[in-house]
Amino acid sequence: MTSCCDLPSRISLNHHLYSSGVPDKLRHLINDIARAGKYVHHAIRSSDLGLAGSENQFGEEQLKLDLLSNKIIKEELCESRLVHGYASEEEAVFQELVPDAPFTVVFDPLDGSSLVDCNLAIGSIFGVYKKGDVVGRKPSDQLAALYLVYGPRTILVYSAGKGVHAFFLNEVGEFVLLQRNLTMRDEVKTYSPGNLRAVKDTPAYRKMMNHWLDEAHTLRYSGGMVPDIHHMLIKGAGIFTNIGGSKYPKGKLRLVFECGPFAYIMEQAGGAASNGHKAIMDIKIEEVDQRTPLIIGAKSEVKRVSEVLNV
Ligand code: AFP
């Protein structure tokens, strides 16, 4: 028997999750995170963008918007009743919410804080694990990962282990399917070299940079990893790096909040993510604020960059 519910004229996020067979509790959680993203979207457009006068656990200055985004997401996770605990880049420790709930959520509520005053694209990043602290686990234990990029349009990209799918926030406040199955070809058209100051004391990184210049690839680097990696996923090609140097010996990015969720999404799209020695997905989480070098994008280029950096 066919159902008259089979063919909606637009595919909502909820419909996509449902029709892809994402388990109900995880589907509800992703919808709840998406709702949090709508409030962050609204906060970016309507609230005070100045400094909060405080620092996060890593000694980085916090914007009012960082704190507000963190508060918004925390409240939505509480309301969801599906979240046992969470770890946020803005807070010091794993926080417990609902003891018998099934999931842990890790997130960077507002990545790209330094870009807010210039009105460049920024984002929120999420990883979902089974309940419990994430220390001792690996990014490969994630059940799903998603991010929102707040640019001229707000776009949500998720993977729950069945491909990578993009949705845009429409004018009535619903996430509607933009593109199914984002796929990375094994190709480099653009390069995004983060923490480039590291070329000063990491000669192999300079060598890598010169190679991209010699190959006449196109530079695409905004300083926000969400829009920069999103760019690769939409174009289906490219390489993004954030390599260590003297200021940040392990690069600037965090395993739990930034690299883990993007590694999950990139592998689902057919690309790769490595720290130069092993897949990001296989790195054991020793502490919540662990940093790691990141080489992410087209598979062969991730391998090639890792080889150059390890010579
Ligand atoms: P901010 O949140 O301080 O703006 O940092 C953004 C970020 O963590 C990430 O989104 C960028 O890819 C990376 O920093 C940029 O680092 P470099 O400026 O060192 O390239």
Side-chain angles (χ1 to χ4, degrees), residues 40 43-44 49-52 54-70 73 87-91 106-127 145-151 155 157 190-202 205-206 208-209 212 219-233 238-263 265-266 271 273-275 280 288-297 302 305 309:
V40 175
I44 292 166
L49 303 178
L51 291 175
S54 53
E55 293 182 343
N56 68 10
Q57 55 165 325
F58 311 113
E60 296 162 341
E61 258 183 354
Q62 289 175 305
L63 296 180
K64 288 179 186 163
L65 202 52
D66 286 321
L67 299 179
L68 181 56
S69 307
N70 194 56
I73 293 167
S88 161
E89 196 181 81
E90 293 300 327
E91 297 180 44
V106 296
F107 59 93
D108 182 350
L110 200 75
D111 185 76
S113 308
S114 64
L115 307 173
V116 167
D117 57 353
C118 343
N119 200 26
L120 287 173
I122 51 181
S124 303
I125 310 166
F126 300 85
L146 57 153
Y147 66 84
L148 291 103
V149 56
Y150 312 104
I155 290 177
V157 174
T190 59
Y191 62 108
S192 309
N195 195 27
L196 196 55
R197 61 186 81 74
V199 299
K200 190 166 170 282
D201 33 36
T202 309
Y205 198 19
R206 185 184 295 273
M208 204 58 252
M209 184 70 191
W212 291 321
L219 176 72
R220 281 291 174 272
Y221 191 70
S222 74
M225 81 180 296
V226 180
D228 288 336
I229 298 182
H230 180 67
H231 178 273
M232 296 198 296
L233 287 162
I239 185 78
F240 173 102
T241 52
N242 197 295
I243 303 300
S246 58
K247 185 168 178 198
Y248 299 108
K250 292 189 165 181
K252 208 182 151 190
L253 305 176
R254 273 112 190 169
L255 176 63
V256 171
F257 309 110
E258 295 164 319
C259 304
F262 271 116
I265 290 170
M266 185 54 74
S274 170
N275 67 356
I280 295 290
V288 176
D289 66 336
Q290 189 170 334
R291 297 192 197 237
T292 175
L294 176 67
I295 305 157
I296 187 168
V302 169
V305 173
L309 291 176

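Since the model is a prediction, treat every value here as computed from it, not as a measurement. Residue indices begin at 1 and follow the sequence shown. Numbering of ligands and ligand atoms starts at 1, following listing order.
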*Given the side-chain rings of Phe126 and Tyr147, with only the six-membered ring counted for Trp, is the space between their centroids under 6.0 Å?*
no
*Option from Val226, Leu294, Leu253 for which side chain to side chain contact (heavy atoms under 4.5 Å, CB included) with Phe262 holds*: Val226
*Check whether any side-chain heavy atom of Ile155 sits under 4.5 Å from a side-chain heavy atom of Leu148, and report yes or no.*
no
*Please indicate whether any nitrogen or oxygen in Leu253 is less than 3.5 Å from any nitrogen or oxygen in ligand 1.*
no
_I'd like the name of whichever of Lys247, Lys252, Arg254 reaches closest to atom 5 (O) of ligand 1 through any heavy atom._
Lys252
*Using distance alone, with no hydrogens and no angle criterion, decide if Tyr221 and Thr190 have a side-chain donor and acceptor under 3.5 Å apart.*
no
_Within the 4.0 Å heavy-atom shell around Asp111, which atoms of ligand 1 are there?_
8 (O), 9 (C), 10 (O)
*Looking only at heavy atoms, is any part of Phe257 under 4.0 Å from ligand 1, and if so is it the side chain, the backbone, or both, or is it neither?*
neither
_Atoms of ligand 1, numbered as shown, that sit under 4.0 Å from any heavy atom of Gly194_ = 20 (O)
_Go through it in stages, so that I can follow the logic: the residues are Ser113 and Asp66, the test is side chain to side chain donor-acceptor pair (under 3.5 Å), and I'd like the CA-CA distance, side-chain angles, deciding distance and then a yes or no._
CA-CA 7 Å; Ser113 308; Asp66 286 321; 2.8 Å; yes
*Give the numbers and elements of all ligand 1 atoms closer than 4.0 Å to a heavy atom of Asn195.*
17 (P), 19 (O), 20 (O)
*Numbering the atoms of ligand 1 from 1, which are under 4.0 Å from a heavy atom of Ser114?*
1 (P), 4 (O)
*Could you list which atoms of ligand 1 come closer than 4.0 Å to a heavy atom of Glu258?*
8 (O)
*Tell me which part of Tyr248 gets within contact of ligand 1: side chain, backbone, both or neither, using heavy atoms under 4.0 Å.*
neither
_As an exercise, identify every atom of ligand 1 less than 4.0 angstrom from a heavy atom of Tyr221._
12 (O), 15 (C), 16 (O), 17 (P), 20 (O)
*Which of the numbered atoms in ligand 1 are below 4.0 angstrom from a heavy atom of Phe240?*
12 (O)
*Ile280 pairs by side chain to side chain contact (heavy atoms under 4.5 Å, CB included) with which of Val302, Asn275, Ile295?*
Asn275
*asked:* Can you give me the closest heavy-atom contact between Tyr191 and Met209, atom names plus distance?
replied: CE1-CE, 3.7 Å
*Of the options Ile125, Thr292, Asn242, which is the one that meets Cys259 in a side chain to side chain contact (heavy atoms under 4.5 Å, CB included)?*
Thr292
*Does any N or O atom in Met225 lie less than 3.5 angstrom from one in ligand 1, N or O only?*
yes
